[in-house]
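A note on names: the letters A, B, ... follow the listed sequences, proteins ahead of strands, and every chain is numbered from 1.
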Amino acid sequence: MKFQVPKGVKEYLPPESAKFEMVRENLIAPARLANYQLMETAVFEDTALFTSGVGESTDVVSKEMYTFTDRADRSLTLRPEGTAGVMRAVIESGLDRGQLPVKVWYSGAFFRAERPQAGRYRQFYQVGVEAIGGDDPLIDVEVISLAVQAFKNLGLKDYEVQINSLGDKPSRDSHREALVKFLKEIDLDEATRERAKINPLRVLDDKRPEMIAALKNAPVILDYLTQDAKERYLAVKNGLTNLGMKYIENPKLVRGLDYYTHTTFEFVHHKLGAQSGIGGGGRYDGLMEKLGGQSLSGIGFGIGVDRVLLACEAEGIELSPATHLSLYLVPLGETARTFAIELLSNLRDQGIRCDMAYGERGLKGAMKSGDKSGAKYLVVVGEDEITSGQAEIKQMSDGVVASVRLTELADFLK
RNA sequence: GUGGGCGUAGCUCAGCUGGUAGAGCACUCGGUUGUGGUCCGAGAUGUCGCGGGUUCGAGCCCCGUCGCUCACCCCA
């Protein structure tokens with residue numbers, strides 16, 4: 001039996017894994033600077049959390065969940081998204097009874113049982129933030145700006161920020177009424193008619209050219225916003241403009257999860273294939289209450305680490321690891337090997353990144369591995385060096401050699 | 001769930017109208033008993049995805065199957 005990685009799971013192995021690490025760190029950094037704190041929540045949850053939180057009618061819940069039964073016959077599901085779990089944990093722990101807003105970030109694997117494709121995996125990685133318990137439109141601005149800042153730090157350019165407002169309940173209700181009426185008058189295929197019945201809003205999201213044409217004059221929610229919703233949307237847009245952030249209004253932007261209200265946004269990259277959304281999110285007033293908590297609003301985003309990595313590659317962005325090996329030791333003989341491992345341990349104690357040639361290899365072979373390790377310096381340690389305490393340290397880039405006392409190696413490398 | 005493309009060495013791939021399996025890179029050792037990268041030499045590695053069929057003979061043709069991949073749907 002030859003085992004292989006489960007279908008649709010993308011693994012990151014060295015040396016490419018260094019790029020993944022870089023991307024993830026860059027996505028997290030702006031959130032840390034803005035006082036968001038880490039939240040590490042359950043990877044699997046009670047299935048009902050997602051069916052009621054994310055919404056029965058969504059594709060995610062209706063056909064993409066990894067659901068299983070445990071030994072006590074509980075129905076559990078591998079998390080397909082991050083917000084519901086975070087909300088559950090906040091309510092459960094009472095974090096929302098302290099100072100507001102609660103600002104948290106998370107990073108980890110999520111699971112959806114879809115047919116794999118470029119940039120779409122069954123196990124994928126997201127970095128997300130949530131700001132819970134604050135109605136200030138400036139929080140919406142902050143959340144969007146965190147993502148934009150992260151993209152900027154990475155050097156991403158060829159993408160756009162799309163925004164829309166889904167309004168509050170009264171806005172949605174009157175728009176829904178108009179939309180249903182509109183949809184009744186045009187020709188729809190079976191699947192779309194079905195979707196229209198469950199959640200007409202999502203019909204607008206159709207990307208097929210003929211549907212886009214048919215929906216050209218469909219009522220858009222922006223025309224049905226209540227005064228209040230309109231003002232709040234305007235405040236968000238003004239906030240973005242004040243920060244010098246470019247965005248494109250997309251009145252048909254409807255996100256795939258049911259809990260969104262008011263501000264919604266999506267980051268779309270231009271050089272990816274069909275899966276061009278590198279992140280997205282929005283406001284979710286009402287979600288917490290629906291999950292059994294108090295009535296607090298919230299807003300957050302999820303950014304796909306896998307897709308941002310692909311986007312960086314598509315733009316030709318160099319993602320080299322920030323730190324590399326500074327010293328490589330080549331021991332000659334058994335005594336030297338024992339000496340070397342001890343020396344390594346001391347150096348690492350002082351924060352030096354170092355490695356050595358293990359095994360009994362010829363000098364040439366050991367030098368070669370030193371070369372490939374990418375270390376900045378190399379030191380050969382044999383009987384002579386151990387007795388004299390003096391060694392030659394070689395700079396690998398140009399072969400220049402200097403003399404150094406072994407006891408002063410750490411200082412030399414710092 | 002539906003459709004297209006592709007499965008040959010660790011990796012990237014070649015392999016003619018069917019004739020008995022190859023290159024480059026990487027790896028190990030040596031040329032140089034204590035100094036890498038270049039060069040030269042040597043070595044190791046394959047159930048040609050799997051199963052069946054046609055044939056004297058199949059990596060190549062046919063059928064099935066599994067996997068990967070891209071796209072639809074949808075999303076990170």
Measure centre to centre between the rings of Y377(A) and Y328(A), then say whether the value is under 6.0 Å.
no
Is the distance from the ring center of F267(A) to that of F265(A) below 6.0 Å?
yes
K252(A) NZ to rC74(B) P, straight-line distance once rounded to whole Å:
14 Å
Between protein and nucleotides 29-36 of chain B, map the contacts as a letter string: B base, S sugar-phosphate only, - none, heavy atoms under 4.0 Å, written 5' to 3'.
--B--BBB
Same-atom distance (C1') from rA76(B) to rU8(B), integer angstrom:
36 Å
Round to the nearest Å and state the distance from K7(A) atom NZ to rG1(B) atom C1'.
12 Å
Does the base of rA76(B) carry an N or O that pairs as donor and acceptor with the side chain of E114(A) under 3.5 Å?
yes
With rounding to the closest Å, how many angstrom separate the P atoms on rU47(B) and rC6(B)?
23 Å
Rounded to the Å, how far apart are L13(A) CG and rA26(B) P?
20 Å
Send over the distance from L310(A) CG to rC70(B) P, rounded to a whole Å.
9 Å
Strictly under 4.0 angstrom, non-hydrogen atoms only: write out the protein contact profile of nucleotides 6-13 of chain B, one letter per nucleotide from the 5' end, B, S or -.
--------
For Y12(A) and Y125(A), take the angle between the two ring planes, folded into 0 to 90°, and tell me which bin it lands in: parallel under 30, tilted 30 to 60, perpendicular over 60.
perpendicular
Check whether any side-chain N or O of K63(A) sits under 4.0 Å from OP1 or OP2 of rC73(B), and answer yes or no.
no
Hey, does the side chain of D371(A) reach the backbone of M367(A) with a donor-acceptor pair shorter than 3.5 angstrom?
no
Dot-bracket for RNA chain B, 5' to 3', Watson-Crick and G-U pairs with both distances under 3.5 Å, [ ] for crossing pairs, | for partner on another strand, reads (((((((..((((.....[..)))).(((((.......))))).....(((((..]....))))))))))))....
Quiz item: Q117(A) side-chain donor-acceptor pair to rC73(B) base, under 3.5 Å:
yes
Roughly how many Å apart are rA44(B) and rG19(B), using the P atom of each and rounding to a whole number?
27 Å
Let me know the distance between CD of Q126(A) and C1' of rC75(B), rounded to the nearest Å.
10 Å
Using atom P in both nucleotides, what's the gap between rC11(B) and rC68(B) to the nearest angstrom?
15 Å
Between OH of Y259(A) and P of rC75(B) the distance, given in whole Å, is 12 Å
Looking at rC74(B), does its base get a donor-acceptor pair with the side chain of R120(A) below 3.5 Å?
yes
With rounding to whole Å, what would you report as the distance between rC60(B) and rU55(B) at their C1' atoms?
13 Å
Charged N to carboxylate O below 4.0 Å: is that the case for K19(A) and E16(A)?
no
For residues H269(A) and Y159(A), establish whether the separation of their ring centroids is below 6.0 Å.
no
Quick one: does R115(A) reach the base of rC75(B) with a side-chain donor-acceptor pair under 3.5 Å?
no
Gap between atoms CG and C1', on D306(A) and rA76(B) respectively (whole Å):
8 Å
Just the rounded figure in Å: distance from C1' of rG1(B) to CZ of R122(A).
11 Å
Taking the P atom of each, how far is rG5(B) from rG64(B), in whole Å?
14 Å
